[in-house]
Amino acid sequence: MVVDKKILYSGIQPTGIMTIGNYIGAVSNWAKMQDEYNCIFGLADLHAITVRQDPIEYRKRATSFFAQILACGLNVEKSIVYFQSHVHQHTELQWILNCYAYVGEMQRMTQFKDKSAKHEENINMGLLDYPVLMAADILLYRADLVPVGIDQKQHIEITRDIACRFNSIYGDTFTVPDGYFPTLGAKINGLQTPTAKMGKSDADPDNAVSIIDEPDVIMRKFRKAVTDCDRKVKFDLSEKPGISNLLTIMSALTGTPICELENDFANADYKTFKEAVGSVVVESFKPVRENYARYISDKSHLQQIASLGAERASYEAEKTLTKVKRRIGLVDKARRTIVAVEK
Ligand code: TYM
């Protein structure tokens, strides 16, 4: 890693489909920040097993997600891109951090409450411990900045709390990271339920748009997007959540301010506006679709990228883990600490 650059870490779980919400809220910023920061991006495949996965499907989906994040413009010459499960230090640090995280604070996490309500039959320990694994992901790489959507804010806060708690006991060990939330698009909502986040695993396939959906599918989903009966293209979150969400998507992808878009579509009907947003999405993701087709058709290249990423990530992770183990008084394998104790 380049010495005078700050470190950026982020990750994504390979569940459901990778949506335009994931792209606008997080992944597009990953690609943009690669020159300014030392970047490390993890495919959080251990996080995703808190929900039951079919092994064959899961392997396919994780590979596809890996190809999709690369297709969004990650440059493996500059950034470290890897599968979380290839770097054993994540779970090792998670165990240590578990001893500095409290059950009560984990039970209060919104995502834990939501997921336990959704998967009543499988409220496993992993679901409760999920934020500690995420803290381990971030803290292992001494990240200064973590670009995420707004739904991850609580997880960043708990990461900071755990890091500060540990540092206050053992002295400066972890870098306390800052979250980075985009000013526009930190929460893209569903096309059918515009008051709630566009989720990766939405039951209604028309609610979410995948970054690799075919153009005709994208257009169909946008034509069906829920709006209101007012017929005015205007940003108003409480009265017009559907139109506001579409304006946000269009503005985030084109860089045109929302007020300008309101003017451009002042005389347009909703059908014209929805088709225009659909066309912007089709065009914006054309290079991603093309890159993806290239990556996914060459599995041995993907394997090489993953192996190199894991090796580089593991090297960085081990530095932090060794330091943490020394701080808490574990006997060092490499240094002669047993001999030192005898003396
Ligand atoms: P995940 O996989 O749910 O989502 C990946 C990223 O996409 C953002 N996001 C959204 N942004 C805007 N609008 C939406 N509708 C939307 N949906 C999702 C998320 O905020 C996230 O930034 N726990 C994480 C993965 C993770 C991670 C990490 C992230 C594991 N370890 C370490 C950062 C650092 C998650 O489930 O994201």
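The basis for the numbers below is simple: all heavy atoms, side chains too, and nothing from hydrogens, waters or symmetry mates. Just follow the structure's listing: the first ligand is 1, and inside any ligand the first atom is 1.
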When the side chains of residues 275-283 are checked against the rest of the protein, which donor-acceptor pairs come out under 3.5 Å, sequence neighbours left out?
from, atom 1, to, atom 2, distance (Å)
Glu275, OE2, Arg223, NE, 2.8
Ser279, OG, Glu275, O, 2.9

- [ ] If a pair satisfies salt bridge (charged side-chain N to carboxylate O under 4.0 Å, His left out) and one of its residues is in residues 1-10, list it, with sequence neighbours excluded.
- [x] none
TODO: Write out the protein residues near ligand 1, meaning a non-hydrogen atom under 4.0 Å from one of its atoms, in order of chain and number.
DONE: Tyr9, Ser10, Gly11, Ile12, Gln13, Gly21, Asn22, Gly25, Ala26, Ala44, His47, Tyr130, Met134, Asp137, Ile138, Val146, Val148, Gly149, Asp151, Gln152, Gly185, Ala186, Lys187, Ile188, Lys197, Met198, Lys200
TODO: Tell me, please, which residues at least two apart from Asp202 pass side-chain hydrogen bond (donor to acceptor under 3.5 Å, both in side chains).
DONE: Asn207
Open item on the list: Can you confirm whether Gln303 is buried at CD, in the sense that more than 12 heavy atoms of other residues, nucleotides or ligands lie under 6.0 Å from that atom?
Closed with: no
TODO: Give the ring-plane orientation class for Tyr9 versus His90, where under 30° counts as parallel, over 60° as perpendicular and anything between as tilted.
DONE: tilted
Task: Close side-chain approach of Trp30 and Val81, heavy atoms under 4.5 Å - done: no
